[in-house]
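Everything below concerns the one structure shown next.
For the single chain, residues carry numbers from 1 onward in sequence order. Computed from a predicted structure; not experimentally measured.
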Amino acid sequence: MKTGWCGNANSKPNIAAGDDHFHDECALVGVWGNPEAAKLCYLGLYALQHRGQEGAGIVSWDGDQMCGCKDMGLVADVFDEESLRGLVGSSAIGHTRYATCGSKDWQNLQPFVANLLEHSFAVAHNGNLVNSQELRAQLEHSGAIFSSTSDTEVILHLVARNNTGTNISAAIRKALTEVRGAYSLVFLCQDTLVAVRDPYGVRPLSLAKLDSGYMVASESVAFDLVGAKFERELLPGEIVEIMSNGEIRSSFVSEMRDSAFCIFEHVYFARPDSFLNGRNVYEVRKRLGAELAKECPSDVDLVIPVPDSGVPAALGYAEESKGRFEFGLVRNHYVGRTFIEPQQSIRDFGVRVKLNPNGEMLRGKRVAVVDDSIVRGTTCQKIIAMVRNAGASEVHFRVSSPPTVGPCYYGIDTPTRDELVANRFQHDQIREFIGADTLGYLSLEGMYRAVRGERKQYCDACFSNEYRLGTIPEASPDRGGDGSSSN
């Protein structure tokens, strides 16, 4: 089988400085049975750009070969009319990447394509395998050759090893019995599109109906953009096969287990207009802010968010506390992936280029600043200093999640444990470090009241240090993943 590709192997990502959030995993999109499959994939990835900004790729099947285009950069920069015209066929899968596991190089961009006997297939992955190093070593000892540092390529080799040449879906199912960790996957085969969630359902994946064909995506906002009708979220461990005749088959990787959906999807990662784990993300975030106001009230003149991620929680905080909500920090939405800093150093330039305090609003005011999380603490330290310098008389920092005490091993780009400010300092020391008059975190119990779910349904390891799916050695380069060895 032939494979056609476009992309620049020498291009490199440029990542803006001053960002102190956990970074999103990756986005997955798959389209089956639509003559504009690649364009719909492109639009779906565009809607999911927040999940990964280092690179993007789409692979389609034209009836004879896999056609692909992938490159470093944002979705709108990687694809144009000409590249999309080359992605012919009525089926396609796409991926945006934020590396957590594996180096940030072109060879780790997805989807990956393989040719097995008379079969070609492509795969894209969101998540991270906790036993990828062990499996990779076994495969290499048996003669497998790897071209990337991605744990997704481990899955590709396992499928190849289990392939009998008659049923690629059976090979996928058998391969997944060997892996452990978090994964949502889309496979594009010659006559089938296969979508899978891991047995714990850590990473999201949903199914929708198009006027012609079907679509799968990491979040429902991808469906909204193209007019697809949301059908349902895949269940933990579910394998959905969309056949060439339009038939949908459902089976399971293994027996049902208690789910461990990533709680941080509700706190920060997902777009607020998404529907995840049976809940509207925006409403959950407002409730997080309301619970925070109950647990950590503040006597202030203004409640202001750290835009954009802190806006829904700040609204909930202000409504519950009967406070005055204002945009005391204004975000520049046109900051690209790179910017040129003047030779004369400007203090806190990386934050200033994104956020600017509204001095007229803040001057002489007691302010509650609401954000979704504190990771290293360096960014909120600079934001608090900016608000004070703009004239605020008091700055009270409120966080709509518990202290972040552990790194993620399941597909999120996070600092090491030693870099997390809540792991280094006690509460009062954190307050002093960031320069706030008072500091308030939402409790674990308050978070689950807002989510309106039982704790056993979620993974909250970054807040609790309880890793239900296992861990990866901290020194390992495979500390988190996108299905590359680094998402």
Side-chain angles (χ1 to χ4, degrees), residues 24-52 56-62 67 69 74-76 78-79 81 84-85 87-96 110-111 122-126 184-189 191-197 201 203-235 238-250 261 265 269-283:
D24 305 343
E25 324 84 49
C26 295
L28 303 180
V29 176
V31 176
W32 184 264
N34 191 287
E36 293 194 290
K39 284 189 176 180
L40 293 177
C41 264
Y42 164 78
L43 292 170
L45 293 177
Y46 190 86
L48 298 175
Q49 183 72 85
H50 60 285
R51 297 188 73 86
I58 294 174
V59 171
S60 68
W61 171 252
D62 70 359
C67 307
C69 177
L74 301 176
V75 173
V78 172
F79 303 102
E81 287 286 348
L84 289 172
R85 276 197 299 270
L87 299 173
V88 296
S90 61
S91 57
I93 63 172
H95 184 268
T96 64
Q110 298 185 35
V123 60
H125 173 203
N126 171 205
S184 283
L185 298 158
V186 286
F187 293 87
L188 177 62
C189 309
D191 57 358
T192 317
L193 187 144
V194 182
V196 192
R197 284 184 81 187
R203 304 266 72 89
L205 196 60
S206 294
L207 173 70
K209 183 74 174 70
L210 293 159
D211 289 339
S212 172
Y214 290 90
M215 186 172 182
V216 295
S218 296
E219 293 183 38
S220 60
V221 289
F223 307 144
D224 298 338
L225 181 59
V226 302
K229 182 182 178 182
F230 175 83
E231 297 261 309
R232 63 182 180 86
E233 297 175 86
L234 272 67
L235 296 171
E238 187 176 14
I239 303 176
V240 168
E241 299 174 64
I242 305 173
M243 318 299 290
S244 57
N245 60 2
E247 178 189 355
I248 293 182
R249 296 178 184 172
S250 173
F261 183 69
E265 292 280 356
F269 292 135
R271 258 179 52 168
D273 47 340
S274 282
F275 183 84
L276 287 181
N277 212 36
R279 292 158 179 80
N280 176 267
V281 175
Y282 177 81
E283 289 298 329

Problem set entry | Stepwise side chain to side chain contact (heavy atoms under 4.5 Å, CB included) check, V29 with Y42 | CA-CA 9 Å; V29 176; Y42 164 78; over 6 Å; no

Exercise. What's the verdict on side chain to side chain contact (heavy atoms under 4.5 Å, CB included) for L40 and N34, showing C-alpha distance, side-chain angles and the deciding distance?
Worked result: CA-CA 9 Å; L40 293 177; N34 191 287; 3.5 Å; yes

Problem set entry | Steps toward side chain to side chain contact (heavy atoms under 4.5 Å, CB included) verdict (I93, L28) | CA-CA 8 Å; I93 63 172; L28 303 180; over 6 Å; no

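Listed by chain and number, the residues in a side-chain contact (heavy atoms from CB on, under 4.5 Å) with A92 are A37, C41, I58, S60 (sequence neighbours excluded). With sequence neighbours left out, E36 forms a salt bridge (charged side-chain N to carboxylate O under 4.0 Å, His left out) with no residue at all. Residues passing the side chain to side chain donor-acceptor pair (under 3.5 Å) test with N277 are Y458, sequence neighbours excluded. In terms of the ring pair (Phe, Tyr, Trp, His ring centres under 6.0 Å) criterion, residue partners of F275 (sequence neighbours excluded) are, by chain and number, F230. Under the rule for a salt bridge (charged side-chain N to carboxylate O under 4.0 Å, His left out), the partners of D273 that lie at least two apart in sequence or sit in another chain are R271. With sequence neighbours excluded, the residues forming a ring pair (Phe, Tyr, Trp, His ring centres under 6.0 Å) with F261 are H266, listed by chain and number. Applying the side-chain contact (heavy atoms from CB on, under 4.5 Å) test to L43 and every residue at least two apart in sequence or in another chain returns L225, V226. Looking at residues two or more places apart in sequence or on another chain, you find no side-chain contact (heavy atoms from CB on, under 4.5 Å) involving S90. Residues passing the side chain to side chain donor-acceptor pair (under 3.5 Å) test with S274, sequence neighbours excluded: E219.
Within the 4.5 Å cutoff, side-chain heavy atoms of W32 are placed close to those of L188.
Heavy atoms only, all atoms of each residue included: S184 and L205 are closest at OG-CB, 3.9 Å. A27 and L48 get closest at one heavy-atom pair: CB-CB, 3.5 Å. Heavy-atom minimum distance, S218 versus R51: CB-NE, 3.9 Å. The heavy-atom pair separating C67 from L87 by the smallest distance is O-CD2, 3.4 Å. A56 and V78 get closest at one heavy-atom pair: O-CG1, 3.8 Å. Minimum interatomic distance between E265 and L276 (heavy atoms only, all atoms of both residues): OE1-CD1, 3.8 Å.
Rounding to the nearest 0.5 angstrom, the gap separating the OG1 atom in T192 from the CG atom in N245 is 9.5 Å. E241 contributes atom CD, which lies 9.5 Å from atom CG of D191 (distance to the nearest 0.5 angstrom). A distance of 7.5 Å separates CD of Q110 from NE2 of H125, quoted to the nearest 0.5 Å.
Sorted by first and then second residue, the pairs that involve residues 222-235 and meet side-chain hydrogen bond (donor to acceptor under 3.5 Å, both in side chains), not counting sequence neighbours, are R232-E238.
No donor-acceptor distance shorter than 3.5 angstrom exists from the side chain of Q49 to the backbone of L74, with no hydrogens or angles considered. Under the 3.5 Å distance criterion, the side-chain polar atoms of R197 are matched with a main-chain donor or acceptor of L234.
The 12-atom threshold is not exceeded at CD of E81, counting heavy atoms of other residues, nucleotides or ligands nearer than 6.0 Å.
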Which side-chain N or O atoms in residues 207-214 pair as donor and acceptor under 3.5 Å with protein atoms at least two apart or in another chain?
residue: K209; atom: NZ; partner: G213; partner atom: O; Å: 3.4
residue: S212; atom: OG; partner: G33; partner atom: O; Å: 2.8

